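Beneath this line is the structure, given in structure tokens, with notes to follow.
We name chains A, B, ... by the order of the sequence lines, and we start the count at 1 in each one. Computed from a predicted structure; not experimentally measured.
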Amino acid sequence: MTAAPEQVDVLGVAREQVLERGVGLSEEQVLAVLSLDDDRIPELLELAHQVRMRWCGPEVEVEGIVSLKTGGCPEDCHFCSQSGQFPSPVRSAWLDIPGLVRAARQTRDTGATEFCIVAAVRGPDKRLLSQVRDGIKAIREDGNDIQIACSLGMLTQEQVDELVEMGVHRYNHNLETARSHFPNVVTTHSWEERWDTLKMVREAGMEVCCGGIIGMGETLEQRAEFAVQLAALEPDEVPLNFLIPNPGTPYENYPVVEGTEALKTVGAFRLALPRTILRFAGGRELTFGDLGAKQGMLGGVNAIIVGNYLTNLGRPAQEDLDMLEELSMPIKELSKTL
Amino acid sequence: MTAVYCGYCGKGLEEVDHAACTKRLRVIDPPRFCSACARRMVVQVTPSGWTATCSRHGEISSSA
Ligand code: SF4
Ligand SMILES: [Zn+2]
Ligand SMILES: [Zn+2]
């Protein structure tokens with residue numbers, strides 16, 4: 001009888017490497033975490049939570065998000081109900097400035113510090129940028145001091161400079177998935193083009209918000225690859241979405257990511273990105289039901305979108321705010337983010 | 001206005017099983033199809049609600 005070869009326990013290693021020294025896990029280590037047996041999940045989440053508390057603190061960043069321009073996008077991101085290339089039921093719509101101001105006010109009223117203006121485009125044109133400029137001005141004239149983020153697709157250097165000048169403090173642009181998987185998900189532009197926009201955003205001094213979607217047919221290896229590719233970017237914030245299989249899109253029949261798998265992903269991403277704001281974004285309602293929000297918040301997540309998303313609905317904001325209170329997690333204040 | 005069509009998939013309520021549609025509408029989706037005529041509606045989601053407009057039958061919203 002031969003004894004099983006002694007395995008190095010990745011959570012033991014992570015305790016010393018990530019929790020004590022703040023060094024994120026390598027690709028191999030992330031893969032080991034993603035491959036853990038389900039009965040190790042509580043231990044993983046507890047460690048991820050400790051890492052978040054140690055390197056980020058107890059505060060939770062609360063954010064709201066609104067779609068300024070919905071649908072009709074020329075790109076073909078296979079998960080997206082807003083692509084004009086698929087027979088999705090989502091029709092094009094523009095939000096007017098009063099609607100944008102109202103949405104920003106509703107968001108601020110929840111205690112949120114961040115309001116993200118999103119448009120379904122390859123990149124902004126003059127009309128969109130002038131709408132954003134007018135919108136930001138109107139939000140400020142409404143006496144709303146919430147920080148404004150934008151997500152308007154790929155940018156030129158000129159457009160980056162223009163957004164900085166408008167006072168946009170953070171830019172969201174997701175790499176969506178591992179570099180090796182991206183060509184299966186999007187064919188109308190490349191991962192590298194997205195990366196180039198992110199670099200310009202960073203160099204211009206805006207905060208970088210960059211994440212992706214889990215459950216688009218990627219392997220566990222590619223999930224691990226994605227986690228370390230994100231870590232290499234050193235983003236200020238990472239929104240973690242779980243695929244919502246939307247009708248009419250090529251992924252409409254993909255299964256929803258299972259709760260256990262999603263929790264392992266949350267924990268693994270926190271261990272790869274100890275200092276980043278890790279945000280629960282779309283899909284948590286389908287993947288976890290009502291319980292999951294809490295499990296995630298106790299498993300490394302420290303930011304949350306309150307209220308609805310762009311084309312999908314979230315839980316009522318108050319439910320999430322009540323949950324944060326119950327967990328004794330203070331909402332990050334505006335002054336502390338400046 | 002009596003609902004004849006499913007707001008999620010746009011098919012007749014009597015035509016197919018809409019259990020999955022009902023779940024989506026309950027958890028994460030605003031209606032996309034007019035329940036009276038099955039036209040695709042223009043839907044605007046905001047942080048605290050949604051409105052959906054049919055070119056023939058007008059606007060409905062989360063608050064109504
Ligand atoms: S670029 Fe954005 S809006 Fe357009 S299809 Fe891709 S994800 Fe959707
Ligand atoms: Zn239906
Ligand atoms: Zn109608």
- Item | With A:Pro74 via side-chain contact (heavy atoms from CB on, under 4.5 Å) - residues at least two apart |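 By the side-chain contact (heavy atoms from CB on, under 4.5 Å) rule, A:Pro74 matches A:Arg122.
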- Item | Contact class of B:Val27 relative to chain A, heavy atoms under 4.5 angstrom | both
- So which pairs with a foot in residues 98-110 of chain A pass side chain to side chain donor-acceptor pair (under 3.5 Å), sequence neighbours left out?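 For residues 98-110 of chain A, and leaving out neighbouring residues, the side chain to side chain donor-acceptor pair (under 3.5 Å) pairs sorted by first residue read A:Arg105-A:Asp142, A:Gln106-B:Ser48, A:Arg108-A:Asp145.
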Any [X] side-chain heavy atom under 4.5 Å of [Y] side chain:
X        : Y        : result
A:Leu286 : B:Arg24  : yes
A:Pro247 : B:Tyr8   : yes
B:Asp29  : A:Asn312 : yes

- Residues of residues 76-87 of chain A near chain B, each having a heavy atom less than 4.5 Å away: none
- Under 4.5 Å from a heavy atom of chain B, the part of A:Ala103 involved: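 Contact with chain B: backbone and side chain both.
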- Message: Taking side chain as everything from C-beta outward and backbone as N, CA, C, O, which of these in A:Leu95 sits under 4.5 Å from a heavy atom of chain B? Side chain, backbone, both or neither.
- Response: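 The answer is both parts of A:Leu95.
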- Task: Evaluate whether atom CD of B:Glu59 has more than 12 neighbouring non-hydrogen atoms of other residues, nucleotides or ligands under 6.0 angstrom away.
- Result: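 Correct, the count exceeds 12.
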- Message: Check this for me: A:Glu326, atom CD, are more than 12 non-hydrogen atoms of other residues, nucleotides or ligands nearer than 6.0 Å?
- Response: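 Buried by this count: over 12 neighbours within 6.0 Å.
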- Message: Going by the rule side chain to side chain donor-acceptor pair (under 3.5 Å), which residues pair with A:Arg140 if we only count those two or more places apart in sequence or in a different chain?
- Response: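 Counting only residues at least two positions away or on another chain, A:Arg140 forms no side chain to side chain donor-acceptor pair (under 3.5 Å).
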Could you grab the distance from atom [atom1] of [X] to atom [atom2] of [Y], nearest 0.5 Å is fine?
X        : Y       : atom1 : atom2 : value
A:Arg91  : B:Thr53 : CZ    : OG1   : 9.5 Å
A:Thr311 : B:Arg32 : OG1   : CZ    : 5.5 Å
A:Leu313 : B:Leu25 : CG    : CG    : 9.0 Å

- Message: If we define contacts as heavy-atom pairs under 4.5 Å, which of A:Ile244, A:Val306, A:Thr70 has the most with chain B?
- Response: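 Counting heavy-atom pairs under 4.5 Å, the top option is A:Ile244.
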To check you understand the geometry: which heavy-atom pair defines the closest contact between [X] and [Y], and what is its length?
X        : Y       : answer
A:Val66  : B:Pro47 : CG2-CD, 3.9 Å
A:Asn308 : B:Val45 : CB-CG1, 3.5 Å
B:Val43  : A:Ala93 : O-CB, 4.1 Å

- Donor-acceptor contact present, side-chain B:Gln44 to main-chain A:Ser67, <3.5 Å: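 Present.
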